J.: 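Sharing a structure with you now.
Letters go in sequence order (proteins before strands), and every chain restarts at 1. Fair warning: this is a prediction, and the values are worked out from it, not measured in the lab.
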Amino acid sequence: MSFSSLFDGGAGSNLTYGGAVSQPAQGGVLSALSLGLQSNMEGGGQGEMRRMGIIGGGGSGDRDSGGRNSKEEDNGSPSGSDNLDGGSGDDQLDLENPRKKKRYHRHTPQQIQELEGLFKECPHPDEKQRLELSRRLNLESRQVKFWFQNRRTQMKTQIERHENSILKQENDKLRAENMQIKEAMRNPMCGNCGGPAMLGEVSLEEQHLRIENARLKDELDRVCSLAGKFLGRPMPPSLGSALPLSSLDLAVGNNGFAAALGMVAPTLSAVPDFVSVGGSSPLGSVVTAPPGRTTMGGVDRSVERSMYLELALVAMDELVKMAQMEEPLWVGGGLEGGKEVLNYDEYLRAFPRCIGEKPVEFVSEATRETGMVIVNSMALVETLMDATRWMDMFPCMIARTTMTDIVSTGVAGTRNGALQLMHAELQVLSPLVPIREVNFLRFCKQHAEGVWAVVDVSVDGIREFPQPGESNMGCRRLPSGCLVQDMPNGYSKVTWVEHAEYNEAMVHRMYRPLLRSGIGLGARRWVATLQRQCECLAILMSSSISSRDHTAITAGGRRSMLKLAQRMTDNFCAGVCASSSHKWNKLNRPESIGEDVRVMTRQSLDDPGEPPGVVLSAATSVWMPLSPQRIFDFLRDERLRSQWDILSNGGPMQEMAHIAKGQDHGNAVSLLRASAVSANQSSMLILQETCTDASGSLVVYAPVDIPAMHLVMNGGDSAYVALLPSGFAIVPDGDGPGQLAAASDKSDGRRAGGGSLLTVAFQILVNSLPSAKLTVESVETVNNLITCTVQKIKVALNLENIV
DNA sequence: TGTCTAATCCCAA
DNA sequence: TTGGGATTAGACA
């Protein structure tokens, strides 16, 4: 006898336990029976099931239940549950059974068994599956639906309970550990003799504990917030939002970091300061590192790490507040076109000067920007924490970067809590703006599920770094970085804060408003670049690449071409900014060179990506009273190229291939060909990359060999394509409405009110012998080239009268 | 008193 | 209209 035969056996066997328990006298018995069955069922096995079937069959003999069921059916009620509720149509039941009693019933073990079976395979059956099951089990379709609904809820609750207990255990463990540490700190013992430890002996261990403790603090914080989430109420201790320096319940005293940086320490703890910078500790004794211990600039390495950690925590706190607070910290935002400005009085009130006082000759630049970026928080965090990927994400902003040191790799294989020391050269694409060289800590913290923050803060005060060269402006970054929050649509909301102090005297007057406005190296540029680059990645990764190809390029060819274009643009930026990634020799300016044209040379020796010989770079920046968009559109239009480009041979150019890198047509890599062919350049094409976003635009190009390009477009290695880039960088002049006009005096030769700064740069091979000496003629040639190009552009844009 | 379970109510997509 | 979360109510340990 099978289940189906039981259930298919007509009215008598068409039973439900609802019918059975509707008998008050038997309800308890049968329910107990059903429970007993359930436990049997758990034993599993066909024999068991059959037994249950038989017992169930006995139940089916209960005429009352059978009868009642048929009555229910006769009743024609659309819902079994209505009947079970003692619906008004069932007078007999109301009379015979107290309403409370008959409402309750449980599905039969068989039914549950079957439901469980399907649930294992598919916890979310569709309408069809549910109907089929309800037919088979003789249940209302809605009963099946409710069952699955409840089962899912139950499953969720079980999982949550399980996770909760794990978190609680973890939490207890951390508390215990913390107590131990606290205890150990109260009674320092010498590891060798067991006697009371001397202060000098404790310091190493103590510093280790501090680091460990900070990590535990973070971890506990995370666990508490998670546990709180599951319990639906906050779990003490909640330390995440507390000011790190004041949350001394866990932090083991004040570690002297503040003193090291000239800050006023908020508290003095029982634990003395071991860091002695330019003086003695509060106890009056200078602790010198014992022999064999690593020291850096006189500061113990573990002390140094502890200082990094403390600084990172303070910086993180500041970043989060800077990103989230509104007025009075930030004023002037919100209105159409109005720019937010940091209220420095309020800033100084709200935050400790975590990296010390601002040098007198420095100016401040603080900007904030929020934008939606098509990337998830984890991916963005990974990119930011990886030096190479970070540079690839912001190619025109970062000239060079290295990871100097890793202080912490993060908790449990994630980037949460990762702390690293980095060096970077940040650039604005103009010879008039020196590179910003910064040594900073980068600290990553997960604040909630899908919410991350990455903060940078300068560390020049802690470790000795080589003094910046002359092509480098003094610069320090106050807590800067971003808050990333996952959005349901796959985008992230990124709030960027960029706060720097730099020596403005090193920057040409023309570029000062740009920098102060935040378009130069501020939050707007970071966010705009991030948006553009992520959009590009999304487009390249999507299968439906929107392409206006005139020629069919294979996917491999497209990749190669983009890689080549990226190398071209990177080299262009390196030439404009004289970054240290290439060894440029600055030329003492001969008389013939214009005042603002910077000329440099370098030797190209073993790089297959460049022609060998002496490479000369010339770059200049000029102001133009036109919008960046207007200039960009003009320069990237291949049909208008003959108006300024000698490579066009006097005629319009033709686009041979086009790879879109963004929604905006201005973001693309294309291949151009001069339609007017001259004898010696017949085998030449022009590779061009253009990009544009709210912070500026770029047109970079390089003549390339046709056979070499052919190879690349078929997916060949682009590393062997020799090229030297030239091009333009266009940025708004920063003097737009509402911008500071601090530097817009007459000496710039510019008028107030929304123009552009155009940088023109060429790299050309002046001699194919790397050892050759530079001649005055070649310098004059390149100077002529650059001044003529600028002049031609001005003429084409009707600006010939502008000096 | 707390847990399990079938069912209901209400809200948002 | 549907599914999910919150809630209810009866049974039971």
Side-chain angles (χ1 to χ4, degrees), chain A residues 15-43 52 55-56 59 62 65 68-69 72-73 75 77-90 93-94 96-165 168 228-233 449 486-491:
Chain A
L15 83 164
T16 67
Y17 268 68
V21 295
S22 70
Q23 290 288 344
Q26 295 175 21
V29 177
L30 281 171
S31 297
L33 192 61
S34 75
L35 280 170
L37 286 172
Q38 201 157 14
S39 56
N40 281 338
M41 290 273 301
E42 278 156 13
M52 292 185 302
I55 294 165
D62 184 332
S65 67
R68 200 185 71 80
N69 261 338
E72 278 173 14
E73 276 152 18
N75 187 2
S77 162
S79 156
S81 62
D82 286 348
N83 292 328
L84 299 167
D85 278 336
S88 58
D90 207 332
L93 284 170
D94 278 341
E96 282 178 15
N97 310 302
R99 195 188 164 102
K100 278 189 170 182
K101 282 277 172 187
K102 71 184 172 188
R103 179 191 159 117
Y104 186 77
H105 86 284
R106 291 191 179 203
H107 298 329
T108 67
Q110 296 95 319
Q111 287 170 326
I112 290 171
Q113 171 92 352
E114 295 248 347
L115 289 162
E116 286 284 0
L118 181 60
F119 184 80
K120 274 206 192 85
E121 286 168 28
C122 165
H124 220 128
D126 58 23
E127 181 97 49
K128 217 176 112 190
Q129 286 171 296
R130 287 204 310 265
L131 268 172
E132 149 71 16
L133 200 62
S134 72
R135 193 189 54 73
R136 205 144 47 86
L137 300 179
N138 223 27
L139 286 170
E140 289 287 335
S141 139
R142 40 182 282 172
Q143 283 180 295
V144 175
K145 193 176 83 174
F146 291 148
W147 189 89
F148 273 92
Q149 177 62 57
N150 287 320
R151 190 67 184 80
R152 285 193 295 264
T153 311
Q154 187 195 35
M155 183 66 93
K156 219 176 90 180
T157 319
Q158 280 169 354
I159 290 171
E160 278 177 3
R161 203 174 297 155
H162 178 68
E163 286 179 347
N164 211 4
S165 75
K168 268 184 181 159
K229 212 171 70 184
F230 281 119
L231 294 172
R233 60 186 155 83
E449 198 61 36
D486 278 331
M487 291 285 124
N489 57 1
Y491 279 71

J.: For the pair made of CD in A:Gln111 and P in B:dA7, what is the distance, rounded to whole Å?
T.: 10 Å
J.: Could you list all N or O pairs between the protein and nucleotides 5-7 of chain C that sit under 3.5 Å apart?
T.:
| from | atom 1 | to | atom 2 | distance (Å) |
| --- | --- | --- | --- | --- |
| C:dG5 | OP1 | A:Lys156 | NZ | 2.9 |

J.: Using a cut-off of strictly less than 4.0 Å, decide whether A:Arg130 has a side-chain nitrogen or oxygen near OP1 or OP2 of C:dT2.
T.: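 Indeed not, no polar side-chain atom of A:Arg130 lies that close.
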J.: Can you name the salt bridge (Lys or Arg N to Asp or Glu O under 4.0 Å) partners of A:Arg135, sequence neighbours left out?
T.: A:Glu132
J.: Can you measure from CD (A:Gln143) to NE2 (A:His107) and round to the nearest 0.5 angstrom?
T.: 5.0 Å
J.: Output yes when at least one side-chain N/O atom of A:Gln143 is less than 4.0 Å from OP1 or OP2 of B:dA7, else no.
T.: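 Looking at the OP1 and OP2 atoms of B:dA7, one of them is under 4.0 Å from a side-chain N or O of A:Gln143.
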J.: How many Å lie between CZ on A:Phe146 and C1' on B:dC9, as a whole number?
T.: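 Those two atoms, CZ and C1', are 10 Å apart.
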J.: If you define the side chain from C-beta out and look only at heavy atoms, does anything of A:Val144 sit under 4.5 Å from A:Leu137?
T.: no
J.: Classify the ring geometry between A:Phe119 and A:Trp147 as parallel (under 30°), tilted (30 to 60°) or perpendicular (over 60°).
T.: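 If you compare the ring of A:Phe119 with that of A:Trp147, the planes turn out perpendicular.
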J.: For A:Arg151, report the nucleic acid contact type (base, sugar-phosphate, nothing); a contact means any heavy atom under 4.0 Å.
T.: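 A:Arg151: no heavy atom of the nucleic acid under 4.0 Å.
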J.: Could you state the CG-P distance from A:Leu131 to C:dT2, rounded to the nearest angstrom?
T.: 11 Å
J.: How close or far is atom P of B:dT8 from atom NZ of A:Lys145, stated in whole angstroms?
T.: 11 Å
J.: Does any N or O in the side chain of A:Gln149 come within less than 3.5 Å of the main-chain N or O of A:Phe146, such that one atom is a donor and the other an acceptor?
T.: no
J.: Just compare C:dG4, B:dT8, B:dA6 and give me whichever is closest to any side-chain atom of A:Arg152.
T.: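 Between C:dG4, B:dT8, B:dA6, the one nearest the side chain of A:Arg152 would be C:dG4.
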